[in-house]
Amino acid sequence: MRERLKRMPKAELHVHLDGSLRPETMLELAVEEGLTLPAAEPEALRRWMLVDDATNLEEYLARFDVTIALLQRPEAIERVAYEMIEDAAADGLRYLEIRYCPHLSTRQGLSMDEAVAAEWRGIQRGTQDFGIPARIINCSLRHYDPELSVAIAEHSVRMRDHGVVAFDLAGGEAGRPPELHREAFDLAARGGLGITVHAGEAAGWESIFEAIHSCRAVRIGHGTRLFENPALLEYVRDRRICIETNITSNLQTGVVRTAAEHPVRQYFDAGIPVTLCTDSWLMSGVVLTDEYLLAQQALAFTPSELEAMALTAFEHAFLPWPERVALRDRALADLASPS
Ligand SMILES: [Zn+2]
């Protein structure tokens, strides 16, 4: 079954650059940076980075301090982005959107424009070598001053010709409503970017409501607590707002207790455009095929239901509509006649 799911054409709409480094690469980058990591061997480092003891979202996010320290030079950012395309190809992905907050790479003097330019170089080289197109989602973080979010939104619009297709708000949700960053979202939307917002992960349905109505979200990252408000659930279904679910990540942060209880099944059955994503290949210790396998095993998704979710991801990509249709139709053709 895993082999079959790996071959199934898939798109990844929710994965973080700083959550998806290869342990081997981290060790090499650490040498270049003169940094000492929590472990000196790839396997030990992989285990250390795997979040299996977090009790909340904030503890989960602490792991990212280690990876972000390694993403301060253009060469490092370019390499990590390139390797993500290679890893995506190996996992049967046909398209991916890589999200990252470029402000995190400015600690040693790099500008946000330089950081994104490096990310885009890595993606373009990867696309050339492995045939997988990818785009960039720029994130601001909830704990940032809203003024900084505005600056990130302006930079994101400016970098549209460097693969930036959307704007997102990530980071710890507790006590930080997305509405505070409304101006940044206005700027991004008026500048032609797609909007997705991390919401309803740690915070309740109210954060999803705000993400949609105050921040113009057309996709929601996680949306795990959407089920708490049936009227909002219907609104999301009727407006075709895509929910980017991350089952393993939700287990790690304690948002759901077991995979079998994850609301993705309920959302799918309700007719919501829902798709499976990983959040982080490193911290979650999964690739997209694993999430599809988990959904099949824990939530009884049938092969045709899994295919439907995979196609939904192509349809809700932040690409021009004709490109989405082309990716979806190619996937459909391959599903009809697997080679
Ligand atoms: Zn995320």
Side-chain angles (χ1 to χ4, degrees), residues 11-21 49-51 54 56-68 71 80-81 84 88 93 96-104 119 134-144 149 152 156 164-174 176 178 181 185 194-203 207-208 210-211 215 217-226 241-256 262-264 267 274-288 290-291 294 313 316-318:
E12 165 87 272
L13 301 186
H14 190 129
V15 63
H16 293 262
L17 179 84
D18 47 342
S20 304
L21 287 76
M49 296 302 298
L50 184 66
V51 183
N56 57 48
L57 182 57
E58 279 69 20
E59 282 182 35
Y60 173 82
L61 295 173
R63 293 291 199 294
F64 288 80
D65 291 341
V66 179
T67 53
I68 290 161
L71 291 169
V80 170
M84 281 187 75
L93 270 60
L96 77 159
E97 289 172 358
I98 299 174
R99 60 183 79 199
Y100 183 53
C101 171
H103 186 72
L104 295 170
E119 192 180 346
R135 296 292 185 271
I136 296 169
I137 298 176
N138 262 357
C139 307
S140 181
L141 302 178
R142 281 173 188 263
H143 66 270
Y144 281 176
S149 281
I152 296 171
S156 302
V164 179
V165 291
F167 185 68
D168 173 31
L169 188 65
E173 281 190 87
R176 298 179 181 126
H181 303 268
F185 283 106
I195 304 288
T196 179
V197 178
H198 279 72
E201 181 182 7
S207 70
I208 302 170
E210 271 189 41
C215 308
V218 296
R219 286 182 7 203
I220 296 290
H222 294 282
T224 316
R225 295 177 62 182
L226 173 64
I241 294 167
C242 179
I243 305 292
E244 312 155 355
T245 63
N246 305 273
I247 304 173
T248 299
S249 169
N250 290 162
L251 287 169
Q252 291 173 318
T253 55
V255 181
V256 293
H262 197 282
V264 61
Y267 299 164
V274 66
T275 187
L276 302 174
C277 312
T278 59
D279 217 5
S280 300
W281 298 340
L282 178 65
M283 279 72 157
S284 294
V286 291
V287 290
L288 194 54
D290 300 314
E291 291 292 292
L294 181 61
H316 288 268
F318 285 127

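Numbers here are sequence positions counted from 1. Order of listing sets the numbers, starting from 1, for every ligand and every atom in it.
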In terms of the angle between their ring planes, are H222 and H198 parallel, tilted or perpendicular, with boundaries placed at 30° and 60°?
tilted

Polar side-chain atom of E291 near backbone of T248 as donor-acceptor pair, under 3.5 Å
yes

Around the Zn ion (ligand 1), what protein N, O or S atoms are found below 2.8 Å?
H14 NE2, H16 NE2, H198 NE2, D279 OD1

Using the side-chain hydrogen bond (donor to acceptor under 3.5 Å, both in side chains) criterion, which residues pair with E12? Sequence neighbours excluded.
T278, W281

Before giving the answer on side chain to side chain contact (heavy atoms under 4.5 Å, CB included), spell out for L294 and H262 the whole-Å C-alpha distance, their side-chain angles and the decisive distance to 0.1 Å.
CA-CA 11 Å; L294 181 61; H262 197 282; over 6 Å; no

So which atom in N138 and which in P102 form the shortest heavy-atom distance, rounded to 0.1 Å?
OD1-CD, 3.7 Å

Side-chain contact, heavy-atom cut-off 4.5 Å: V197 with H181?
no

